[in-house]
Amino acid sequence: MNVSDSERISSVLARQGYEMIDNEASADVVIFNTCSVREKAEQKLYTRVGHIRHSDRPKPVVGVMGCVAQLEGETLLKKIEGVDFVLGTRAIGRVADAIAKTLKFEEPVVDLGEREVDYDWTVADKYRHSPFVAFLPIIEGCNKFCTYCIVPFSRGRERSLPASEIIRQVLELRRKGVKEVHLIGQNVNSYRPPTDSGLEGFAGKSPFSRLLRAVAATGIERVKFTTSFPRDFHDDIVEAIETHDNLCNWIHLPVQSGSSRVLAAMKRGHTVEKYLAKIDRIKASYKDVALTTDIIVGFPSETEEDFQQTVRLVEYCGFDSAYIFRYSPRPGTPAYELQDDVSHEEKTRRFIELERSQKYMQNRRLQRYVNKVLKVLVERKSTRTSSGLSGHSTCQKVVNFVGKEDMIGSIVDVKITEIKANSLFGEAV
Ligand code: SAH
Ligand code: SF4
């Protein structure tokens with residue numbers, strides 16, 4: 001989400017004649033796009049702004065955007081000297097305005113927008129992480145209020161983009177040469193558009209599975225989506241993936257914990273059993289769907305036994321990869337009121353143990369790709385080897401392989417010869 005927002009911010013500015021440069025020291029404007037899911041973002045921000053302020057070059061315009069900006073608003077100006085504008089999560093479209101105002105009036109600008117009414121569906125064009133892959137926000141905000149999470153406060157209530165608009169965007173991206181769209185949102189499968197327009201005639205129980213089928217029907221070569229919320233994840237999504245070749249075989253389904261007691265304390269709305277039933281259905285698919293997840297260790301009151309249940313869940317599920325986090329108390333969330341009673345050392349121990357189990361399972365799981373041919377969208381020259389290329393498979397693996405440079409931008413068959421820690425290696429066939 002954060003990468004997508006940064007691409008959107010720079011693309012909006014490009015439309016006003018700005019250009020993105022790599023070198024912070026010679027930039028006229030420096031924008032920090034912040035995240036507040038875990039601690040430390042703010043601290044990093046103080047250090048980085050301080051660094052700019054104390055350097056001997058002419059001071060650039062400094063802006064803070066993203067979740068820290070939304071949550072702190074005007075107080076950021078008091079906390080950090082040298083910030084010229086603070087723009088909330090829904091004010092991306094007004095960033096050029098904020099810069100112009102800062103320059104004209106020489107006083108700080110704060111624009112947090114109206115979180116409940118102001119939505120921003122800008123799609124990045126000029127600046128994207130790949131010319132062939134595009135993020136497309138389809139739902140903003142979050143209504144789930146998991147007890148540990150700041151997102152519902154920083155991003156406001158859920159709002160879905162009408163399907164007809166999503167389809168229009170996909171067709172336009174396709175016309176511009178994009179091969180793969182990622183439908184993104186905090187919980188894409190909670191998608192609930194204001195009207196049915198664009199979804200008429202598509203099968204599926206939930207609006208999201210109907211949307212998947214509608215997007216597949218545009219003929220775009222690949223469709224991926226993230227993140228899925230377990231409680232709202234139903235079989236119709238897997239059925240849509242099974243029906244359409246261009247719906248990719250990858251599902252990111254964050255479980256957070258392997259203990260139903262902890263899940264209840266987190267207010268996730270699912271038990272371990274319900275989660276595993278969904279995993280079983282996904283695994284039964286003939287499409288060999290890659291599964292990834294997020295896990296938090298050291299949530300308040302998590303015991304060794306709760307944690308061991310998480311280890312067992314990881315062993316059972318055989319995730320292709322997992323993002324593991326140490327619980328970080330966020331002021332303003334319900335869990336912040338609980339005692340953060342798992343020590344930092346213990347969180348770290350659990351983190352390392354879980355990471356070890358996951359890596360072991362991951363390596364075993366990835367072996368199934370050896371000698372298989374995967375379809376890879378070739379995105380760039382590989383930074384690893386001089387003659388290599390790099391791209392992603394339909395199952396969202398980074399694949400480095402030996403091939404010809406003119407393959408960049410196309411989808412090629414690659415035979416996998418080796419498994420690395422976080423990528424696959426192979427050769428074009
Ligand atoms: N909407 C997505 C996740 C968004 S946040 C979902 O519900 O799955 C991304 C991940 O950050 C979460 O899945 C969670 O694992 C982690 N996270 C969120 N708040 C956290 C906190 N306070 N401490 C540690 N990790 C956290
Ligand atoms: Fe946070 Fe839960 Fe919403 Fe995900 S679903 S963004 S974890 S509150």
Side-chain angles (χ1 to χ4, degrees), residues 1-5 34-42 66-68 70-71 89 115 135 137-160 182-192 208 225-233 237 250-259 262-270 274-275 278-279 291-302 307 310 313-314 317 319 321-342 344 346-348 350-351 354-355 358:
M1 192 63 79
N2 190 265
V3 172
S4 161
D5 282 352
T34 56
C35 172
S36 53
V37 166
R38 285 169 296 278
E39 242 174 343
K40 286 204 181 133
E42 219 170 289
C67 289
V68 174
Q70 183 73 49
L71 293 166
T89 46
R115 276 191 323 177
F135 293 129
I138 63 159
I139 175 166
E140 287 197 10
C142 182
N143 292 352
K144 308 298 188 277
F145 290 92
C146 303
T147 54
Y148 51 81
C149 186
I150 197 72
V151 170
F153 304 94
S154 60
R155 298 222 176 225
R157 296 294 65 74
E158 282 170 7
R159 172 79 64 95
S160 302
H182 287 219
L183 309 178
I184 63 166
Q186 291 303 335
N187 304 295
V188 280
N189 55 328
S190 306
Y191 179 71
R192 213 155 279 286
F208 182 62
F225 55 89
T226 184
T227 291
S228 296
F229 187 64
R231 193 196 64 199
D232 294 348
F233 190 94
I237 297 173
W250 164 52
I251 294 171
H252 184 64
L253 199 61
V255 66
Q256 312 301 359
S257 170
S259 153
V262 172
L263 287 173
M266 290 174 163
K267 287 218 162 64
R268 283 291 284 178
H270 63 88
K274 287 211 169 119
Y275 182 85
K278 293 173 201 236
I279 294 294
L291 266 168
T292 57
T293 199
D294 295 348
I295 297 173
I296 297 174
V297 294
F299 184 79
S301 85
E302 184 188 73
F307 171 67
T310 304
L313 179 133
V314 159
C317 293
F319 296 111
S321 74
Y323 294 100
I324 304 171
F325 306 102
R326 276 163 282 217
Y327 169 68
S328 163
R330 309 308 299 124
T333 61
Y336 191 72
E337 306 304 319
L338 305 172
Q339 204 190 337
D340 182 17
D341 57 358
V342 182
H344 184 72
E346 183 55 21
K347 281 178 192 161
T348 301
R350 291 180 191 175
F351 176 90
L354 192 60
E355 184 102 315
Q358 168 56 27

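Counting starts at 1 for both ligands and their atoms, following the listed order.
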K.L.:
Do Lys347 and Tyr327 come close enough that some side-chain heavy atom pair is under 4.5 Å?
P.N.:
yes
K.L.:
Can you check whether Phe135 reaches Val3 side chain to side chain, under 4.5 Å on heavy atoms?
P.N.:
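In contact.
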K.L.:
Considering the heavy atoms of Arg268, write down every atom of ligand 2 situated less than 4.0 Å from one of them.
P.N.:
2 (Fe), 5 (S), 7 (S)
K.L.:
Is Arg155 in contact with ligand 2, taking contact as a heavy-atom separation below 4.0 Å?
P.N.:
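No; Arg155 lies far enough from ligand 2 that no heavy-atom distance drops under 4.0 Å.
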K.L.:
Tell me which part of Asn187 gets within contact of ligand 2: side chain, backbone, both or neither, using heavy atoms under 4.0 Å.
P.N.:
side chain
K.L.:
Taking only heavy atoms of Cys146, which atoms of ligand 2 are found under 4.0 Å from at least one of them?
P.N.:
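By the 4.0 Å cutoff, the relevant atoms are 2 (Fe), 5 (S), 7 (S), 8 (S).
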K.L.:
Is the number of heavy atoms from other residues, nucleotides or ligands under 6.0 Å of Phe145 CZ greater than 12?
P.N.:
yes
K.L.:
Just wondering, do Ile139 and Arg192 contact through their side chains at under 4.5 Å, heavy atoms?
P.N.:
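SC-SC contact between Arg192 and Ile139 ruled out.
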K.L.:
For ligand 1, run through the N/O pairs with the protein that fall under 3.5 Å and put one pair on each line.
P.N.:
residue: ligand 1; atom: 1 (N); partner: Gln186; partner atom: O; Å: 2.9
residue: ligand 1; atom: 1 (N); partner: Gln186; partner atom: OE1; Å: 3.4
residue: ligand 1; atom: 1 (N); partner: Asn187; partner atom: OD1; Å: 3.4
residue: ligand 1; atom: 7 (O); partner: Arg268; partner atom: NH1; Å: 2.9
residue: ligand 1; atom: 11 (O); partner: Arg38; partner atom: NH1; Å: 3.3
residue: ligand 1; atom: 13 (O); partner: Gln256; partner atom: NE2; Å: 2.7
residue: ligand 1; atom: 13 (O); partner: Asp294; partner atom: OD2; Å: 2.7
residue: ligand 1; atom: 15 (O); partner: Gln256; partner atom: OE1; Å: 2.8
residue: ligand 1; atom: 22 (N); partner: Tyr148; partner atom: O; Å: 3.0
residue: ligand 1; atom: 22 (N); partner: Ser328; partner atom: O; Å: 2.8
residue: ligand 1; atom: 23 (N); partner: Ser328; partner atom: N; Å: 3.0

K.L.:
Under a plain distance cut-off of 3.5 Å, with no hydrogens placed, do Gln70 and Ser154 share a side-chain donor-acceptor pair?
P.N.:
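Their side chains do not contain a donor-acceptor pair, so the 3.5 Å distance test is not met.
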K.L.:
Looking only at protein heavy atoms, identify the closest one to atom 7 (S) of ligand 2 and say how far it is in Å.
P.N.:
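Result for atom 7 (S) of ligand 2: Tyr148 OH, 3.3 Å.
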K.L.:
Run the numbers for me: atoms of ligand 2, each under 4.0 Å from some heavy atom of Lys144, listed by number.
P.N.:
3 (Fe), 5 (S)
K.L.:
Nearest protein heavy atom to atom 1 (Fe) of ligand 2, by residue and atom, and its distance?
P.N.:
Cys149 SG, 2.3 Å
K.L.:
Between Asp5 and Arg155, is there a side-chain N and carboxylate O pair less than 4.0 Å apart?
P.N.:
yes
K.L.:
Once you restrict to heavy atoms under 4.0 Å, what part of Pro152 touches ligand 2? Side chain, backbone, both or neither.
P.N.:
side chain
K.L.:
Considering only heavy atoms of Phe145, which atoms of ligand 2 have at least one such atom less than 4.0 Å away?
P.N.:
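This gives 8 (S) as the contact atoms.
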K.L.:
Are the side chain of Glu39 and the backbone N or O of Ser328 linked by a donor-acceptor pair below 3.5 Å?
P.N.:
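Looks like no, no N/O pair under 3.5 Å.
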K.L.:
Check each atom of ligand 2 against the heavy atoms of Gln186 and keep those under 4.0 Å away; list them by number with element.
P.N.:
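Under 4.0 Å from Gln186, ligand 2 has these atoms: 6 (S).
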K.L.:
Can you sort out which atoms of ligand 2 are near Phe229, meaning under 4.0 Å from one of its heavy atoms?
P.N.:
5 (S)
K.L.:
Please answer whether the main-chain N or O of Tyr275 pairs with a side-chain N or O of Arg231 as donor and acceptor at a distance below 3.5 Å.
P.N.:
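Pair absent, no side-chain N/O of Arg231 close to backbone of Tyr275.
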K.L.:
Counting C-beta onward and ignoring hydrogens, is there a side-chain heavy-atom pair between Val255 and Ile295 closer than 4.5 Å?
P.N.:
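Result yes, sub-4.5 Å side-chain heavy-atom pair found.
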K.L.:
Mind checking whether Thr226 and Ile184 have side chains closer than 4.5 Å, heavy atoms only?
P.N.:
yes
K.L.:
Could you pull out all residues at least two apart from Lys278 that satisfy salt bridge (charged side-chain N to carboxylate O under 4.0 Å, His left out)?
P.N.:
none
K.L.:
Identify, for atom 3 (Fe) of ligand 2, the protein heavy atom at the shortest distance, and state residue, atom and that distance.
P.N.:
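Looking only at protein heavy atoms, the one closest to atom 3 (Fe) of ligand 2 is Cys142 SG, 2.2 Å.
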K.L.:
Below 4.5 Å, heavy atoms only, C-beta onward: do Lys144 and Ser190 meet side chain to side chain?
P.N.:
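Of all side-chain heavy-atom pairs linking Ser190 with Lys144, at least one is under 4.5 Å.
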